[in-house]
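Data first, discussion second: the structure below is written as structure tokens.
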Protein chains: 2
Amino acid sequence: MSASDESLQLTATDLRMAAFRLARRLRSARAVDAMSDAQLAVLATLRMHGRRTITALAERERVTAPSMTNMINGLEEQGFVVRTPDAEDRRRVQVDITDAGTEIVMQTIRRRDELLAAMLSELDFTEKELATLREASALMRKVVDP
Amino acid sequence: MSASDESLQLTATDLRMAAFRLARRLRSARAVDAMSDAQLAVLATLRMHGRRTITALAERERVTAPSMTNMINGLEEQGFVVRTPDAEDRRRVQVDITDAGTEIVMQTIRRRDELLAAMLSELDFTEKELATLREASALMRKVVDP
DNA sequence: TATTGTTATACTCTATAACTATA
DNA sequence: TATAGTTATAGAGTATAACAATA
């Protein structure tokens with residue numbers, strides 16, 4: 001049996017507030033202060049899914065092509081990505097993450113996880129409460145990527 | 001007995017990924033397209049906690065005072081907040097949300113909750129799974145505001 | 001002197017419009 | 001003609017530095 005509309009609405013409200021506040025708090029933890037969220041999101045995509053064209057990156061990040069060109073310019077100047085002309089279709093430019101870019105992403109993830117682990121630790125959660133958080137995390141990911 | 005370091009780290013990683021992705025997905029639902037996240041966050045704070053000075057808002061939003069001055073200028077031009085000089089300390093300026101500002105916040109919250117409720121509904125979660133999400137939400141809020 | 005807020009200035013991220021090169 | 005990317009330009013949000021008014 002599926003859930004009632006009332007349960008759905010109550011859960012949605014609780015979860016929306018909690019996810020927003022937590023994400024916002026964690027976002028302040030970065031590997032490099034000069035690295036923006038937008039740049040990190042592009043690097044994280046490239047690290048997970050490999051080389052992508054400007055257009056593909058723009059679609060994924062939901063920004064326009066000129067915005068992505070601009071962002072890739074910044075990342076390239078910092079040495080975190082490289083552009084490679086596409087041999088098959090010479091209109092295209094493939095963007096690859098560099099070792100330095102990969103390192104920055106990993107450092108940032110590590111910092112955020114350490115920050116969150118420290119926050120969890122201070123509250124003396126029980127194993128059962130942590131298990132609830134992990135179960136909920138899995139459910140939340142199903143919501144975003146069904 | 002409090003939880004093990006390993007549980008803390010695993011939970012932190014799961015929760016960090018889930019919260020970021022969900023918040024990102026929900027952020028795209030706004031009441032007004034011209035309203036930025038930064039502006040909405042200020043309005044939501046004023047709605048929940050009442051009048052605040054520029055400095056207090058800057059600290060809460062973790063931006064500098066000039067940035068907050070700039071943002072309040074934009075919100076005031078749109079009619080969503082008003083500045084009132086503080087009678088007791090004339091260096092201060094109190095910022096209040098207007099009815100129009102309150103309406104915008106409520107509309108946005110409603111939209112986001114409807115979007116999330118629809119997403120939850122499509123997955124046919126059980127009442128037990130929804131309860132897990134609500135319990136986790138309460139724990140997440142304790143993490144952010146201990 | 002310290003605090004509150006503003007102004008001046010600069011950089012990033014974002015957009016739209018117009019352009020070049022290629023398919 | 002259509003597509004991939006860039007350049008030009010403009011607006012919002014952010015920062016630092018310097019300032020005025022007040023405590």
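Naming convention: chains lettered A, B, ... in sequence-line order (proteins, then strands); numbering from 1 in each chain. Small disclaimer: the values here were computed from a predicted structure and weren't measured.
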(message) I want to confirm an ordering. Mapping B/Asn73 and B/Glu59 to their closest nucleotides on DNA chain C, which one lands closer to the 5' end?
(response) B/Glu59
(request) Would you kindly give the CG-to-C1' distance between B/Leu57 and C/dT6, to the nearest whole Å? (result) 16 Å
(message) Please enumerate all residues that pass salt bridge (Lys or Arg N to Asp or Glu O under 4.0 Å) together with A/Arg110, with sequence neighbours excluded.
(response) none
(message) Expressed as a whole number of angstroms, how long is the span from B/Gln39:CD to C/dC13:P?
(response) 19 Å
(request) Mind calculating the distance between CZ (B/Arg83) and C1' (C/dT4) to the nearest angstrom? (result) 12 Å
(message) Please evaluate residues A/Asp86 and A/Arg52 with respect to the criterion salt bridge (charged side-chain N to carboxylate O under 4.0 Å, His left out), reporting the C-alpha separation (whole Å), side-chain torsions for both, the decisive distance (0.1 Å), and the verdict.
(response) CA-CA 11 Å; A/Asp86 187 318; A/Arg52 284 286 182 279; over 6 Å; no
(request) Treat primed atoms plus P, OP1 and OP2 as sugar-phosphate and everything else as base, then score nucleotides 15-23 of chain D 5' to 3': B for base contact with protein heavy atoms under 4.0 Å, S for sugar-phosphate contact only, - for none. (result) BBB---BBS
(message) Does either side chain, that of B/Gln78 or that of B/Gln39, offer a donor lying less than 3.5 Å from an acceptor on the other one?
(response) yes
(request) Scan B/Thr55 against the nucleic acid and name what it touches under 4.0 Å (heavy atoms): base, sugar-phosphate only, or nothing. (result) sugar-phosphate
(message) Using whole Å, what does the distance between atom C1' of nucleotide D/dA4 and atom CZ of A/Arg52 come to?
(response) 16 Å
(message) So, does A/Thr69 get its side chain near the phosphate of D/dG5, meaning an N or O under 4.0 Å from OP1 or OP2?
(response) no
(request) Taking only Lys NZ, Arg NE, NH1 and NH2, and the carboxylate oxygens of Asp or Glu, determine whether B/Arg24 and A/Glu61 approach each other closer than 4.0 Å. (result) yes
(request) Mind checking side chain to side chain contact (heavy atoms under 4.5 Å, CB included) for B/Arg60 and listing every partner two or more places apart, or none if nothing turns up? (result) B/Thr45, B/His49
(request) Run the salt-bridge test on A/Arg112 and A/Asp37 with the 4.0 Å N-O cut-off and return the result as yes or no. (result) yes
(request) Would you mind reading off the distance between B/Gln94 atom CD and C/dT4 atom C1', rounded to a whole angstrom? (result) 11 Å
(request) Take atom CD1 of A/Ile54 and atom P of D/dG5, then tell me their distance rounded to the nearest Å. (result) 6 Å
(request) Check the distance between C/dC13's P and A/Gln78's CD and give it to me in whole angstrom. (result) 8 Å
(message) From C-beta outward on B/Ala38, which listed nucleotide comes closest to its side chain: C/dT14, D/dG5, D/dT14?
(response) D/dT14
(request) May I ask you to say what A/Ser36 touches in the nucleic acid, namely base, sugar-phosphate or nothing, with a heavy-atom cut-off under 4.0 Å? (result) sugar-phosphate
(request) Take the protein atom CE of B/Met71 and the nucleotide atom P of C/dG5, then report the distance between them rounded to whole Å. (result) 14 Å
(message) Under a 3.5 Å cutoff, is there a donor and acceptor pairing between the side chains of A/Glu127 and B/Ser7?
(response) yes
